[in-house]
Enquirer: 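Following this message is one structure expressed as structure tokens.
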Amino acid sequence: SLSDRLEAVFKKLKGQGSLNEKNIRDAMREVRMALLEADVHLDVVKSFIARVREKSLGHEVMGSLTPGQQVIHLVHKELIHVMGGVNERLNLAAQPPVVVLMVGLQGSGKTTTTAKLAKRLIEKERRKPLLASLDVYRPAAMDQLATVGEAVGAKVLPTSVGENPRDIAKRALQSARMGGFDVLLLDTAGRLHVDAELMTELVDVAELVKPTEILLVVDSMTGQDAVNVARSFDEKLNVTGVILTKTDGDARGGAALSVRHVTGKPIKFLGTGETVDGLEPFHPDRVASRILG
Amino acid sequence: ELFIGGKVDEALLEELEDQLVMADFGVETASAIVREAKERLDRKQKKDANAMREALRDTIRAHLEAVEQGVVPSQRVHPWVILVVGVNGVGKTTTIGKLAAFYQSNHEKVLLAAGDTYRAAAVAQLQKWGERCGCLVISQGQDADAASVVHDAFAAARARRYDVLIADTAGRLHTKSNLMEELKKIKRVLGRLDPSAPHETLLVLDGTTGQNAISQVQKFHEAIGITGLVITKLDGTAKGGVVVGLSEKFKLPVRYIGVGEGLEDLRPFDPRQFVEALF
Ligand SMILES: Nc1nc2c(ncn2[C@@H]2O[C@H](COP(=O)(O)OP(=O)(O)OP(=O)(O)O)[C@@H](O)[C@H]2O)c(=O)[nH]1
Ligand SMILES: Nc1nc2c(ncn2[C@@H]2O[C@H](COP(=O)(O)OP(=O)(O)OP(=O)(O)O)[C@@H](O)[C@H]2O)c(=O)[nH]1
Ligand SMILES: [Mg+2]
Ligand SMILES: [Mg+2]
């Protein structure tokens with residue numbers, strides 16, 4: 001583990017002494033390796049290490065913590081600082097129906113997460129959400145949303161054959177208004193950030209329905225590509241938050257740091273399972289500990 | 001830009017390692033590959049940056065070719081059973097649709113088993129793919145026993161003389177032991193019908209996955225024995241570099257890559273093309 005590796009770096013430094021240039025350099029090499037193994041993007045690691053190095057220089061090694069533990073403490077503290085100390089909630093402060101748009105790469109967990117959010121809105125926030133699928137491409141995508149949506153007691157917009165995503169979005173907004181729904185959750189088709197046509201489709205939909213939340217759904221086992229995806233989606237849409245899914249596995253989840261670093265947007269929730277109650281508010285300290293391994 | 005002329009110094013080697021890390025090679029593999037490429041370069045006449053680029057490509061390709069396996073022989077058992085497994089959302093069901101079309105284009109009669117009896121609309125999704133390629137899909141609907149569906153599909157494949165049976169399974173995280181047990185059960189059931197089945201067990205990996213791919217391969221391989229990998233979503237910007245370390249560690253061939261969401265978007269894995277796409 002990182003703490004064992006740091007102990008090895010510092011085992012010559014006993015009792016008093018400060019973290020200096022030389023032992024910091026060795027320690028930072030270990031931290032760099034740990035973060036890369038955790039899938040944090042290389043550029044993000046470099047900038048992160050530079051900050052931690054600065055904070056460690058001249059730091060007095062005192063008290064009951066070993067130098068290795070002190071470095072871990074500084075790294076952990078900086079990780080939490082970067083990832084957003086306070087966990088932010090879903091922004092529902094808008095004229096109803098508040099529109100939430102779910103976006104992200106193929107298979108990241110958007111449809112499942114839409115149902116999880118609906119359950120949370122119904123049970124915890126006492127809201128009445130309407131769910132709608134804009135996914136006209138994936139076989140049985142609309143069936144999937146209808147099934148999981150109804151399973152949590154949410155209304156799902158009925159589908160109409162041959163409709164395009166822009167028209168479905170308009171119809172969904174209208175139905176949400178007419179039906180007195182407080183929130184409109186829009187599930188979209190998975191797409192590549194480099195697919196110009198599909199990214200334009202998303203920009204057009206956002207223009208039509210003016211979402212209060214645009215949530216980027218990211219698979220927690222994503223590797224270096226997380227920065228490319230996050231940057232593109234954020235540049236085109238100005239996302240308002242991120243949801244990291246499949247955190248019930250053993251992926252270290254460094255994508256969380258990469259995405260946060262590149263977009264500055266808050267990670268709002270974590271997907272913690274396949275069932276509809278597998279959603280938790282983002283806990284920066286837990287995610288930080290896991291990245292460190 | 002990285003390779004135009006110039007000499008091969010420590011700075012270039014570090015830069016190359018960085019490039020590999022950003023392609024998801026992983027720190028250890030990136031550094032080992034660059035070291036090996038440098039040794040290859042040292043044995044050459046020309047030692048400039050361009051030669052280093054060649055050495056790097058040759059090294060990576062060599063690692064991938066070492067575990068590459070030829071096309072499956074045509075004299076096969078009937079039905080030839082392919083079990084498709086992997087974690088959630090990687091592209092198993094879509095890959096099966098593409099594989100079915102691929103085998104059919106070689107005049108093989110393909111049957112599909114809707115072994116995902118868990119996720120919402122999973123059976124409907126596979127049925128749609130079956131329609132697209134004109135393949136029969138054996139299913140029992142949601143919450144049926146997955147092993148029982150696969151059992152029925154095998155019986156149908158054998159009775160009606162199908163050439164290939166492809167079994168879809170529910171996505172599952174490799175860390176969930178009860179779900180891995182379900183896979184073992186499916187394998188046992190197939191083994192009782194034909195001791196050599198499944199003849200191919202494909203683990204599907206998402207091309208955007210980072211170092212967690214190692215844990216995925218490890219756990220699935222330990223549980224049921226994997227015979228080949230499929231890397232999907234390489235039509236995005238992810239490079240899938242983790243396969244280089246995987247080939248070293250597990251000696252498993254990459255069979256196919258997925259390069260899109262359509263029926264035609266499957267390619268047999270070509271190490272040369274893969275390396276070209278890296279840089
Ligand atoms: N274990 C686990 N599985 C999850 C989680 N979130 C989603 N999944 C699973 O991941 C797979 C993909 O989920 P979907 O909701 O279909 O993903 P999607 O983003 O809508 O996919 P596309 O619409 O094809 O882009 C399914 O098998 C889900 O059950 C999670 O937090 N944990
Ligand atoms: N761009 C791209 N998308 C792909 C590729 N392969 C699959 N997909 C998409 O990835 C998403 C998930 O595919 P599925 O086939 O449902 O994945 P799965 O592994 O069966 O998912 P679960 O059964 O829920 O575990 C869908 O939107 C597919 O269209 C590929 O090679 N390229
Ligand atoms: Mg979906
Ligand atoms: Mg599937």
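When reading the values below, keep in mind they use all heavy atoms of this one structure, side chains included, and skip hydrogens, waters and symmetry mates. Residue numbers start from 1 in every chain, and the chains themselves are labelled A, B, ... in the order their sequence lines are given, proteins ahead of strands. None of the values given here were measured: they were computed from a predicted structure.
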Enquirer: A side-chain contact here means heavy atoms from C-beta on lying under 4.5 Å apart; do A:Gln106 and B:Asp235 qualify?
Expert: no
Enquirer: Do we see a donor-acceptor contact under 3.5 Å between the side chains of B:Asn212 and A:Asp250?
Expert: yes
Enquirer: On a heavy-atom basis, which atom in B:Gln125 and which in A:Ala140 lie closest, and how many Å separate them?
Expert: N-CB, 3.7 Å
Enquirer: If you draw a 6.0 Å radius around CD in B:Glu264, do more than 12 non-hydrogen atoms from other residues or ligands fall strictly inside?
Expert: no
Enquirer: If we ignore hydrogens and angles and just use 3.5 Å, is the side chain of A:Asn228 paired with the main-chain N or O of B:Ala238 as donor and acceptor?
Expert: no
Enquirer: With only heavy atoms counted, which part of A:Leu145 is less than 4.5 Å from chain B, the side chain, the backbone, both or neither?
Expert: neither
Enquirer: Walk me through whether B:Asp206 and A:Lys246 qualify under salt bridge (charged side-chain N to carboxylate O under 4.0 Å, His left out).
Expert: CA-CA 13 Å; B:Asp206 188 320; A:Lys246 309 175 203 173; over 6 Å; no
Enquirer: side-chain contact (heavy atoms from CB on, under 4.5 Å) with A:Thr222: which of B:Asp24, B:Thr209, B:Thr208?
Expert: B:Thr208
Enquirer: To the closest 0.5 Å, what do you measure between OG (B:Ser31) and CE (A:Met33)?
Expert: 8.5 Å
Enquirer: What part of B:Leu205 is in contact with chain A, defined as an atom under 4.5 angstrom from a non-hydrogen atom: side chain, backbone, both or neither?
Expert: neither
Enquirer: Quick one: pull up CG in A:Asp195 and CD in B:Glu261 and give me the separation to the nearest 0.5 Å.
Expert: 8.5 Å
Enquirer: State whether A:Asp143 and B:Arg119 are salt-bridged, where the test is any N-O pair (Lys NZ or Arg NE/NH1/NH2 against Asp/Glu carboxylate O) under 4.0 Å.
Expert: no
Enquirer: Any Lys/Arg nitrogen of A:Asp248 or B:Lys176 sitting under 4.0 Å from an Asp/Glu carboxylate oxygen of the other?
Expert: yes
Enquirer: Let me know if A:Lys46 has heavy atoms under 4.5 Å from chain B in its side chain, its backbone, both or neither.
Expert: side chain
Enquirer: Before accepting this row, confirm whether a basic side-chain N of the pair B:Lys233/A:Asp225 lies closer than 4.0 Å to the acidic partner's carboxylate O.
Expert: no
Enquirer: Which bit of B:Val87 comes within less than 4.5 Å of chain A, counting heavy atoms only: side chain, backbone, both or neither?
Expert: side chain
Enquirer: Give, as side chain, backbone, both or neither, the part of B:Glu131 having an atom under 4.5 angstrom from any heavy atom of chain A.
Expert: neither
Enquirer: Looking at chain A, which one of B:Arg132, B:Lys219, B:Arg172 has the largest number of heavy-atom pairs inside 4.5 Å, strictly under?
Expert: B:Arg132
Enquirer: Check A:Gln224 against B:Val21 and note the closest heavy-atom contact, atom names and distance.
Expert: CG-O, 3.2 Å
Enquirer: For the candidates B:Thr237, B:Thr175, B:Val90, which exhibits the highest count of non-hydrogen atom pairs separated by less than 4.5 Å from chain A?
Expert: B:Thr237
Enquirer: Pick from A:Ala146, A:Pro139, A:Gly107, A:Ala38: which one has the most heavy-atom pairs with chain B under 4.5 Å?
Expert: A:Pro139
Enquirer: Kindly give the heavy-atom pair with the smallest separation between B:Gln211 and A:Leu36, and that separation in Å.
Expert: CG-O, 4.5 Å
Enquirer: Taking atom NZ as the centre, does B:Lys184 end up with more than 12 heavy-atom neighbours from other residues, nucleotides or ligands that are less than 6.0 angstrom away?
Expert: yes
Enquirer: Determine the option with the most heavy-atom pairs under 4.5 angstrom with chain A, choosing from B:Thr232, B:Leu126, B:Leu173.
Expert: B:Leu173
Enquirer: Should we count CD of B:Glu28 as having more than 12 external heavy atoms under 6.0 Å?
Expert: no
Enquirer: Which of the residues A:Met142, A:Met221, A:His41 is involved in the greatest number of heavy-atom pairs with chain B at under 4.5 angstrom?
Expert: A:Met221
